[in-house]
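These notes are about the structure you will find just below.
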Amino acid sequence: MSGSEAFAEIIDGDVYKYYADGEWKKSASGKFVPIINPTTRNTQFKVQACSQEEVNKIIETAKLAQKSWAKTPLWKRAELLHKAAAILKQHKAPIAECLVKEIAKPAKDAVTEVVRSGDLVSYCAEEGVRILGEGKFLVSDSFPGNERTKYCLTSKIPLGVVLAIPPFNYPVNLAVSKIAPALIAGNSIVLKPPTQGAVAALHMVHCFHLAGFPKGLVSCVTGKGSDIGDFLTMHPGVNCISFTGGDTGIAISRKAGMIPLQMELGGKDACIILEDADLDLAAVSIIKGGFSYSGQRCTAVKVVLVMASVADTLVEKVNSKVAKLTVGPPEDDCDITPVVTESSANFIEGLVMDAKQKGATFCQEYKREGNLIWPLLLDNVRPDMRIAWEEPFGPVLPLIRINSVDEGIHHCNASNFGLQGCVFTKDINKAILISDAMETGTVQINSAPARGPDHFPFQGLKDSGIGSQGITNSINMMTKTKSTVINLPSPSYTMG
Ligand code: NAP
């Protein structure tokens with residue numbers, strides 16, 4: 001894997017290098033950051049702790065590289081992205097292996113993440129060629145008081161240096177979802193990967209290196225977010241930040257300067273289940289939505305709001321499926337694997353204990369070994385319990401029994417989050433009314449919340465984010481409109 005020949009140059013001894021100016025480098029800081037394997041809880045990898053001087057140098061070269069990249073024909077930019085996508089897919093196995101060791105992602109899901117990332121890069125190249133090849137032509141006489149003396153031509157221009165900060169749960173996919181739109185739009189990119197997931201991200205960056213992007217256009221700076229995060233996000237050389245993660249994003253948005261921000265933050269996705277719902281379908285979706293990757297997904301089902309009259313039947317169906325979930329190491333492709341860090345496991349346990357103390361019904365016995373937490377459905381959760389509102393990011397799912405649809409909508413809208421939500425009913429008219437009433441960026445009808453397909457718009461309201469993602473929206477977000485106005489000496493009317 002990491003010893004595989006294609007990746008030999010990205011490691012020195014047992015410490016992975018960072019990537020700057022088209023080369024793999026050791027940090028002059030002499031310091032490294034350990035990456036703890038969530039399953040063994042031992043140090044699995046080490047990455048460089050980059051210094052502020054190294055960040056300065058990276059941003060300086062990114063600025064220079066961007067100038068010539070912006071002059072590179074669009075079709076050539078697309079060609080290089082297609083090449084990177086193919087190399088990424090070719091090396092899916094070693095990259096997936098890093099995901100298994102660093103973030104305990106089940107083996108099959110880890111491969112899926114890399115393949116999906118390659119597809120995203122290719123789609124982005126194709127979409128970029130289409131949408132960046134188009135501009136607008138406006139004439140002045142549509143606005144009152146004007147003759148047709150001005151022709152306005154608009155086009156989309158790059159922003160400059162884009163800083164990309166993805167979270168641990170999809171360190172490859174959520175990195176390329178920022179890198180590919182930035183590059184096709186003519187920007188340069190500085191990636192700060194999450195600590196857990198950094199080595200998978202470095203492997204992914206090497207695929208862009210192998211594709212032959214110009215030196216300095218793509219860089220990857222490693223180190224703990226708490227150490228170098230502020231320096232990066234407040235750096236005057238950064239022209240756009242695309243961040244995915246938790247509350248850190250709120251702090252970043254307060255500190256960042258006058259630059260475009262794309263923030264994908266937390267969620268508390270509600271699943272509202274009506275009396276007429278297909279309860280088998282709902283149960284399958286709750287299991288997939290709530291427990292895939294042990295609940296560590298931004299769009300995981302994070303609270304079930306079920307009409308009391310069908311709650312017993314639903315709980316029974318969900319419980320019988322929870323019993324079938326496999327629990328164990330990611331290498332065995334288990335459904336439930338250890339959560340990413342010990343502090344995450346402790347946080348989840350805190351929510352569970354609070355619910356226990358306040359009288360929630362435990363449908364399974366609470367069990368934990370190290371970072372591994374067995375899947376748990378908590379019935380009869382009430383609004384005074386922390387788990388009714390907070391994001392566990394673990395295999396622990398609260399269920400609230402409701403007596404009216406309005407009660408469900410009210411709970412959903414009282415959350416500070418507004419990422420996604422879902423509603424299960426056979427009545428499409430009711431579904432539409434509920435969807436319109438839910439204050440979330442997306443509502444899924446008769447399916448669990450989901451981020452993909454990656455070209456769909458994806459956005460959070462309230463504390464769940466700023467801006468919208470999805471391939472097309474990300475490309476647009478990483479550009480600015482430029483107008484050129486042709487002023488004519490006298491009005492000119494076509495066929496006039
Ligand atoms: P996190 O703790 O907020 O970290 C996200 C990223 O920010 C990591 O790369 C982290 O680096 C970095 N970081 C930490 N402190 C920083 C600072 N001061 N300045 C700049 N960057 C800093 O989130 P996480 O635990 O990785 O991910 C889980 C969260 O992400 C959940 O809340 C989840 O809902 C959210 N999420 C949202 C979406 C979405 O699309 N809305 C998708 C996935 C996940 P280090 O790892 O080095 O600390």
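In listed order, ligands and their atoms are each counted from 1.
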Inset, instruction - Determine, counting only non-hydrogen atoms of the protein, whether one lies under 4.0 angstrom from atom 4 (O) of ligand 1. - result: no
[atom]: the protein heavy-atom neighbour that sits closest, reported with distance to 0.1 Å:
atom	value
atom 23 (O) of ligand 1	G246 N, 3.4 Å
atom 36 (N) of ligand 1	C298 CB, 3.5 Å
atom 27 (O) of ligand 1	P167 CB, 3.4 Å
atom 16 (C) of ligand 1	T248 CG2, 3.3 Å
atom 11 (O) of ligand 1	K192 NZ, 3.0 Å
atom 12 (C) of ligand 1	I165 CG2, 3.8 Å
atom 40 (O) of ligand 1	F458 CE2, 3.1 Å
atom 14 (C) of ligand 1	G225 CA, 3.7 Å

Does a salt bridge link [X] with [Y], judged by any charged N lying under 4.0 Å from a carboxylate O?
X	Y	value
R386	D354	no
E54	K57	no
E390	K302	no
D333	K108	yes

Legend entry - Ring-ring centroid check H209 H206, cutoff 6.0 Å: yes
May I ask you to check whether [X] has an N/O atom sitting below 3.5 Å from an N/O atom of ligand 1?
X	value
F168	yes
K224	no
L265	yes
P166	yes
K302	no
L419	no
T195	yes
E391	yes

Touching ligand 1 at all, [X]? Heavy atoms, strictly under 4.0 Å?
X	answer
Y170	no
A198	no
A251	no
Q469	no

Inset, instruction - Evaluate side-chain contact (heavy atoms from CB on, under 4.5 Å) for C334 paired with V327, printing each intermediate quantity in order. - result: CA-CA 6 Å; C334 289; V327 182; 5.9 Å; no
Legend entry - Check: S188/Q66 side-chain N/O donor and acceptor closer than 3.5 Å: no
Inset, instruction - Indicate whether any N or O donor in one side chain lies under 3.5 Å from an N or O acceptor in the other, for Q196 and T341. - result: no
Record the part of [X] in heavy-atom contact with ligand 1 below 4.0 Å; permitted values are side chain, backbone, both and neither.
X	result
L174	side chain
F393	side chain
L232	neither

Inset, instruction - Find out whether I131 and N476 are in side-chain contact, i.e. whether some heavy atom of one side chain is under 4.5 Å from a heavy atom of the other. - result: yes
Inset, instruction - Please report the closest heavy-atom contact between W24 and V205, naming both atoms and the distance. - result: CH2-CG1, 4.1 Å
Legend entry - Stepwise side-chain contact (heavy atoms from CB on, under 4.5 Å) check, C98 with F7: CA-CA 12 Å; C98 297; F7 296 99; over 6 Å; no
Inset, instruction - For G266, counting its heavy atoms only, list the atoms of ligand 1 lying under 4.0 Å from any of them. - result: 32 (O), 34 (O)
Legend entry - Cation-pi, F243 ring and K178 (6.0 angstrom, 45 degrees): no
Inset, instruction - Take T233 and I165 through the side-chain contact (heavy atoms from CB on, under 4.5 Å) test and state the conclusion after the steps. - result: CA-CA 9 Å; T233 53; I165 306 183; 3.8 Å; yes
Legend entry - Verdict with supporting geometry, L174 and N169, side-chain contact (heavy atoms from CB on, under 4.5 Å): CA-CA 9 Å; L174 291 178; N169 58 348; 4.1 Å; yes
Inset, instruction - Indicate the ring-plane relationship of F168 and F393, choosing parallel, tilted or perpendicular according to the 30° and 60° boundaries. - result: perpendicular
